[in-house]
Amino acid sequence: MKNKITISDIAKELGIAPATVSRALSNHPEISASTKKKVKAVAERLDYMPNKIASSLRSGKTKLIGVLIPTAEHLFFGSVIHGISNLASQHGYDVLIYQSNESEVFEKKGIDTFIGARVDGILVSISKNTTDFSHFKSVKEKNIPIAFFDRTNDDLEISSVCIDDYLGAFMATESLIKSGYQRIAHISGPQHIKAFSERIRGYKAALEQYNIPFEANFIYNGDISIEAGRKGTTYFLNLDNKPDAIFAVEDFTALGVLKEVKERDIQVPNEFGVIGFCNDLFGEHITPSLSTIDQKTVQMGEEAFHLIYELISKKGEKTNHQKRILTPTLITRESSKKN
């Protein structure tokens with residue numbers, strides 16, 4: 001078996017001190033550009049792999065960031081991770097990903113796993129079923145940098161990055177009104193998650209802005225799933241005073257709406273309008289294509305990394321929690337365009 005190449009091997013070949021090699025590989029400013037170039041060339045030729053454990057013991061940093069997502073089934077979270085990973089790599093960080101499967105129990109296990117791995121910081125999008133947030137408080141108490149993205153909780157005073165959910169919901173509802181729909185219902189998500197309660201607020205505000213009376217029975221409490229879209233649509237279509245459009249809390253819920261109305265031979269968009277929220281990839285490839293709100297997923301991931309990187313850099317300093325809000329974009333497609 002081939003022996004593992006060490007810093008001492010590189011130093012011996014170049015006739016310099018191991019400490020100089022170490023500093024050159026770490027891009028230390030006191031080492032000349034020519035020495036760095038020679039060291040890196042020999043390191044590549046000898047197939048040197050740095051010992052990250054030893055490096056973390058010396059520096060006190062693992063150069064690892066933990067990212068906890070509710071599900072890997074939605075492209076949304078994959079796109080956010082893409083944004084996080086790109087910038088993390090540029091800054092010399094690796095990313096550990098843990099999926100909570102929308103479970104509070106698994107979410108807590110993910111946090112424990114990250115703490116055990118001694119990550120430098122943690123990024124979290126909260127599970128839809130989480131109602132006890134003590135594990136996040138524990139991370140703060142341990143002085144481990146943590147930030148939320150997309151699904152946040154302001155009560156915990158933890159920094160976050162999210163889309164302007166209120167504005168996005170207002171834009172979605174307004175677009176249906178401007179397309180000629182007057183009886184607009186909403187299938188919501190779990191209301192203990194701020195993103196979804198903000199979307200109800202935006203929906204109601206748009207109705208008020210255009211002098212359309214709000215009807216309490218025009219809200220169906222869903223659980224952000226295709227099945228919730230189908231069930232919500234069935235509920236609305238069984239009302240005496242049926243809606244002529246549905247604003248769904250996210251795109252998979254909207255997909256359930258489209259499936260249900262299609263089975264009932266209701267014509268979209270001429271008889272019934274549908275709009276979602278997210279801009280998941282499938283939306284533009286289904287028939288009819290789905291109108292939606294673009295959540296700027298890659299940008300959200302990049303902002304999330306910038307935020308956690310800043311928190312890591314300022315670890316130990318007293319800082320106020322930050323809330324970085326991105327501006328959504330309306331994407332109008334076939335499902336809400338009346339002929």
Side-chain angles (χ1 to χ4, degrees), residues 63-100 102 110 114 119-128 145-152 158-169 171-172 175 189 193-196 198-199 202 224 248-255 275-286 289-313 322-333:
K63 305 294 280 186
L64 292 174
I65 290 173
V67 180
L68 184 53
I69 58 172
T71 176
E73 291 181 350
H74 294 189
L75 178 67
F76 170 85
F77 291 109
S79 295
V80 174
I81 288 170
H82 178 71
I84 294 169
S85 298
N86 276 354
L87 281 186
S89 178
Q90 290 175 30
H91 287 78
Y93 278 85
D94 290 319
V95 175
L96 294 181
I97 300 167
Y98 196 102
Q99 181 182 206
S100 70
E102 300 284 14
F114 290 154
V119 297
D120 292 339
I122 299 173
L123 289 168
V124 180
S125 188
I126 303 171
S127 154
K128 69 180 180 184
I146 182 171
F148 292 136
F149 65 92
D150 184 43
R151 301 186 197 169
T152 68
I158 289 174
S159 294
S160 62
V161 178
C162 63
I163 201 75
D164 190 331
D165 291 287
Y166 171 89
L167 176 59
M171 293 165 66
S175 73
I193 294 177
K194 193 171 189 296
F196 304 142
E198 283 294 288
R199 290 176 200 180
I224 54 173
V249 70
E250 50 83 50
D251 285 353
F252 278 88
T253 300
L255 179 59
I275 190 167
F277 199 116
C278 179
N279 196 25
D280 221 317
L281 181 63
F282 71 81
E284 64 180 312
H285 300 294
I286 59 176
S289 56
L290 179 64
S291 296
T292 189
I293 297 295
D294 186 358
Q295 284 190 261
K296 309 287 183 65
T297 49
V298 174
Q299 185 184 350
M300 185 180 291
E302 291 172 345
E303 281 296 324
F305 176 80
H306 282 308
L307 178 55
I308 198 67
Y309 183 74
E310 183 180 315
L311 293 173
I312 292 168
S313 302
Q322 304 174 43
K323 190 169 181 66
R324 300 184 182 180
I325 301 175
L326 308 179
T327 302
T329 302
L330 173 68
I331 307 291
T332 304
R333 298 192 182 112

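Every value quoted in this text rests on a predicted model; they were computed, and no experiment measured them.
- In this structure E284 satisfies the side chain to side chain donor-acceptor pair (under 3.5 Å) test with no other residue, sequence neighbours excluded.
- Among residues two or more places apart in sequence or in another chain, the side-chain contact (heavy atoms from CB on, under 4.5 Å) test is passed with I81 by V67, I69, S85, I97.
- Listed by chain and residue number, nothing satisfies the ring pair (Phe, Tyr, Trp, His ring centres under 6.0 Å) test with H82 (two or more places apart in sequence, or in another chain).
- Here NE2 of H74 is found 13.5 Å from CG of L281. Values are rounded to the nearest 0.5 Å.
- Residues satisfying the ring pair (Phe, Tyr, Trp, His ring centres under 6.0 Å) criterion with Y93, sequence neighbours excluded, are absent altogether.
- For Y166, the ring pair (Phe, Tyr, Trp, His ring centres under 6.0 Å) criterion is met by no residue, not counting sequence neighbours.
- Within the 3.5 Å criterion, the main-chain N or O of L64 finds no donor-acceptor partner in the side chain of D94.
- Between S159 and the options I146, T152, L311, a side-chain contact (heavy atoms from CB on, under 4.5 Å) holds for only L311.
- The backbone N or O of K323 lies less than 3.5 Å from no partner atom in the side chain of S160, so there is not a single donor-acceptor pair.
- Residues passing the ring pair (Phe, Tyr, Trp, His ring centres under 6.0 Å) test with F148, sequence neighbours excluded: F136.
- The two residues L307 and V161 come nearest to each other via the heavy atoms CD2-CG2, 3.8 Å.
- Looking at heavy atoms from C-beta onward, F252 lies out of side-chain contact with E73 at the 4.5 angstrom threshold.
- Counting heavy atoms from C-beta on, the side chains of V249 and F277 never come closer than 4.5 Å.
- The shortest side-chain heavy-atom distance between Q295 and P328 does not fall under the 4.5 Å cut-off.
- Counting heavy atoms from C-beta on, the side chains of T327 and L167 come closer than 4.5 Å.
- Separation of atoms CD1 (I163) and CG (D294) is listed at 7.0 Å; rounding is to 0.5 Å.
- With sequence neighbours excluded, no residue satisfies side chain to side chain donor-acceptor pair (under 3.5 Å) with Q99.
- Here CD of E303 is found 9.0 Å from CG of L87. Values are rounded to the nearest 0.5 Å.
- Residues I275 and S175 have side chains in contact (heavy-atom distance under 4.5 Å, counting atoms from C-beta outward).
- A distance of 11.5 Å separates CD of Q90 from OH of Y309, quoted to the nearest 0.5 Å.
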Using atom types as modelled, flag every donor-acceptor pair under 3.5 Å from a side chain in residues 121-128 to any protein atom, sequence neighbours excluded.
unit_1, atom_1, unit_2, atom_2, d
S125, OG, F149, O, 3.2
S127, OG, E102, O, 3.0
S127, OG, S103, N, 3.3
S127, OG, N129, N, 3.1
K128, NZ, D223, O, 2.6

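- Contact of the L330 side chain with the I293 side chain is registered, since non-hydrogen atoms from C-beta on lie closer than 4.5 Å.
- Taking 4.5 Å as the limit, every side-chain heavy atom of N86 sits out of range of all side-chain heavy atoms of E302.
- Nearest approach of A254 to G276, heavy atoms of both residues: CB-CA, 3.9 Å.
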query = Could you go step by step and tell me if L290 and L255 meet the side chain to side chain contact (heavy atoms under 4.5 Å, CB included) rule?
reply = CA-CA 8 Å; L290 179 64; L255 179 59; 5.9 Å; no
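- The minimum heavy-atom distance between T297 and F76, with the atom names listed, is CG2-CD1, 3.1 Å.
- Not a single donor-acceptor pair under 3.5 Å links the side chain of R333 to the backbone N or O of S289.
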Derivation and outcome, side chain to side chain contact (heavy atoms under 4.5 Å, CB included), residues K63 and H91 = CA-CA 9 Å; K63 305 294 280 186; H91 287 78; over 6 Å; no
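- Listed by chain and residue number, K296 satisfy the side chain to side chain donor-acceptor pair (under 3.5 Å) test with T329 (two or more places apart in sequence, or in another chain).
- Listed by chain and residue number, Q322, R324 satisfy the side chain to side chain donor-acceptor pair (under 3.5 Å) test with E310 (two or more places apart in sequence, or in another chain).
- Scored by the side-chain contact (heavy atoms from CB on, under 4.5 Å) test, S89 finds no partners at all (sequence neighbours excluded).
- Looking at T292, its side chain does come within 3.5 Å of a backbone N or O of N279 through a donor-acceptor pair.
- With sequence neighbours left out, the salt bridge (charged side-chain N to carboxylate O under 4.0 Å, His left out) criterion links D251 to no other residue.
- S79 places a side-chain N or O within 3.5 Å of a backbone atom of L75 that can act as its donor or acceptor partner.
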